[in-house]
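Throughout, numbering of the chain's residues begins at 1 and tracks the sequence.
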Amino acid sequence: MAPRNDSFTTQFILAGLTDQSILQLPLFFLFLVMYMVTVMGNLSLIILIGLSSHLHTPMYFFLFNLSFIDLCYSSVFTPKMLINIISEKKTISYMGCMTQLYFLCFFGISESYVLTSMAYDRYVAICNPLLYNIAMSPKVCFSLMFGSYLMAFFEATTLIGCMLRLTFCDANTINHYLCDIYPLLQLSCTNTYIIELEVIIVSGINITVPSLTIFVSYGLILSNILHIKSAEGRSKAFSTCSSHIIAVSLFFGSSAFVYLKPSSVSADDGKISSVFYTNVIPMMNPLIYSLRNKDVKLALGKTLCVAEF
């Protein structure tokens, strides 16, 4: 049977980050700049990896997908967020809200598994370099990415199916700047215990399992790096891994703060933490991977030289 919607609410009001009018304009320009950097950074990486043949390796295949996810992820809600900051009417339709929530879940879950795949790629490259071409063959890389998107599709669809069964009565003001799960559950006039339990289980799986896998991988990588005799080799390995660890820690740390401890997180703290995994991380990823990566810098230089001629 298809999910049914018993909601009496046809639209919601997004409260935003703050109700202080003096902060609205500075916040608008802050998030506008962040979004522009996010779009330009991720789009540049996508184009650069696509055009540079020597970047057609497993590591950059995953980075290509990470940039695509971050670009889509931030575009799901940021334009609407910017419009709401400067407009008096801060509404979003019921179906618009559910669509936004679906894609937030889909791209968020996808990113967690792409980061896991990237950690596995680095583990094989550093700890088992002789087996790298076999362990990270095109078929394996494609399977990892297909599995990431498939997991995200099924889990996001399941969550939205449950959300569509909720009844929303009189209250329609979402205390957030986007349509997120817990702020929406607070508005429901039906019992949300089963859905909350499902959200915690799904969040626990998609945060705990990937993060543990990633940190175990990097633990093994660091152990292996310490045995490298060449100082240059150790430096290169540490540089590659440190950028991944920064991105992973920020993404999973802020997500866990919101979704694994919902009862102890205030609405304002939840909003601030959400900014990290919805705005800051998509902006930082292309900066981390490009500014700290010699291959990307070299590819950019070659591409610019070709463009000049």
Side-chain angles (χ1 to χ4, degrees), residues 1-19 24 27-28 31 35 69 71-111 149 151-203 206 255 258-259 262-263 265-268 270-275 277-279 282:
M1 183 181 293
R4 63 189 179 85
N5 170 29
D6 294 326
S7 174
F8 298 108
T9 301
T10 58
Q11 66 178 15
F12 295 103
I13 298 171
L14 292 167
L17 270 172
T18 178
D19 56 0
Q24 299 301 321
L27 284 175
F28 173 80
F31 285 104
Y35 182 59
I69 289 169
L71 179 62
C72 296
Y73 191 42
S74 59
S75 298
V76 167
F77 67 91
T78 306
K80 181 63 177 176
M81 177 188 181
L82 292 171
I83 292 171
N84 286 348
I85 289 176
I86 58 174
S87 65
E88 294 183 5
K89 189 178 181 182
K90 306 178 187 296
T91 58
I92 183 170
S93 68
Y94 175 84
M95 287 310 300
C97 186
M98 291 299 143
T99 301
Q100 186 185 83
L101 178 58
Y102 175 82
F103 284 109
L104 282 171
C105 293
F106 176 80
F107 289 118
I109 294 169
S110 297
E111 179 150 350
Y149 289 127
M151 284 281 290
F153 171 76
F154 281 122
E155 292 181 12
T157 302
T158 301
L159 286 172
I160 290 301
C162 293
M163 296 298 291
L164 289 172
R165 293 178 180 275
L166 291 178
T167 300
F168 299 96
C169 301
D170 297 327
N172 70 334
T173 301
I174 301 172
N175 190 16
H176 213 293
Y177 58 87
L178 51 78
C179 292
D180 208 353
I181 294 174
Y182 285 117
L184 276 168
L185 291 179
Q186 292 172 358
L187 300 182
S188 177
C189 50
T190 51
N191 192 318
T192 61
Y193 174 77
I194 299 298
I195 297 179
E196 286 183 29
L197 184 61
E198 181 183 353
V199 170
I200 291 173
I201 292 172
V202 171
S203 300
N206 293 313
S255 299
V258 172
Y259 293 107
S263 60
V265 177
S266 68
D268 290 337
K271 290 180 192 178
I272 294 170
S273 186
S274 296
V275 168
Y277 65 82
T278 58
N279 298 86

Would you mind writing out the side-chain donor-acceptor pairs for residues 155-164 within the sub-3.5 Å range, not counting sequence neighbours?
from: Glu155; atom 1: OE1; to: Asn206; atom 2: ND2; distance (Å): 2.3
from: Thr157; atom 1: OG1; to: Tyr102; atom 2: OH; distance (Å): 3.4
from: Thr157; atom 1: OG1; to: Phe153; atom 2: O; distance (Å): 2.6
from: Thr158; atom 1: OG1; to: Phe154; atom 2: O; distance (Å): 2.7

### Summary
Closest non-hydrogen contact found for Leu71 with Ser75 is O-OG, 2.8 Å
### Chi angles and distances behind the side-chain contact (heavy atoms from CB on, under 4.5 Å) call for Ser188, Ile195
CA-CA 11 Å; Ser188 177; Ile195 297 179; over 6 Å; no
### Query
Rounded to the nearest 0.5 Å, how far does NZ of Lys90 lie from CD1 of Ile85?
7.5 Å
### Summary
Value for CG (Asn84) from CZ (Phe28), rounded to nearest 0.5 Å, stands at 11.5 Å
### Query
So Phe168 and Phe12, would you call those rings parallel, tilted or perpendicular, with 30° and 60° as cut-offs?
perpendicular
#### Entry: For the student: nearest non-hydrogen atoms of Tyr182 and Tyr259, plus distance
OH-O, 3.4 Å
### Task
Kindly give the heavy-atom pair with the smallest separation between Val275 and Tyr177, and that separation in Å.
N-OH, 3.1 Å
### Task
Write down the atom of Glu111, the atom of Tyr73, and the distance for their closest heavy-atom approach.
OE1-CD2, 4.5 Å
#### Entry: Between CG on residue Leu104 and SG on residue Cys179, distance to nearest 0.5 Å
8.0 Å
### Task
Classify the ring geometry between Phe107 and Phe103 as parallel (under 30°), tilted (30 to 60°) or perpendicular (over 60°).
parallel
### Task
Determine, step by step, whether Thr18 and Gln24 satisfy the side-chain contact (heavy atoms from CB on, under 4.5 Å) criterion, reporting the C-alpha distance in whole Å, the side-chain angles of both residues, the deciding distance to 0.1 Å, and the verdict.
CA-CA 8 Å; Thr18 178; Gln24 299 301 321; 3.8 Å; yes
### Query
Do Leu185 and Leu166 pass the side-chain contact (heavy atoms from CB on, under 4.5 Å) test, and can you show the C-alpha distance, the side-chain angles, and the key distance before you say yes or no?
CA-CA 8 Å; Leu185 291 179; Leu166 291 178; 3.5 Å; yes
### Message
Can you list everything that forms a side chain to side chain contact (heavy atoms under 4.5 Å, CB included) with Tyr149? Sequence neighbours excluded, please.
### Response
Asn65, Phe68, Ile69, Phe106, Ser110, Met145
### Residue that, paired with Thr173, satisfies side-chain contact (heavy atoms from CB on, under 4.5 Å) out of Ile13, Leu187, Leu14
Ile13
### Task
Can you see which heavy atom on Ser274 is nearest to which on His176, and at what distance?
OG-NE2, 3.4 Å
### Query
Please walk me through it: do Lys271 and Asn175 pass side-chain contact (heavy atoms from CB on, under 4.5 Å)?
CA-CA 9 Å; Lys271 290 180 192 178; Asn175 190 16; 2.9 Å; yes
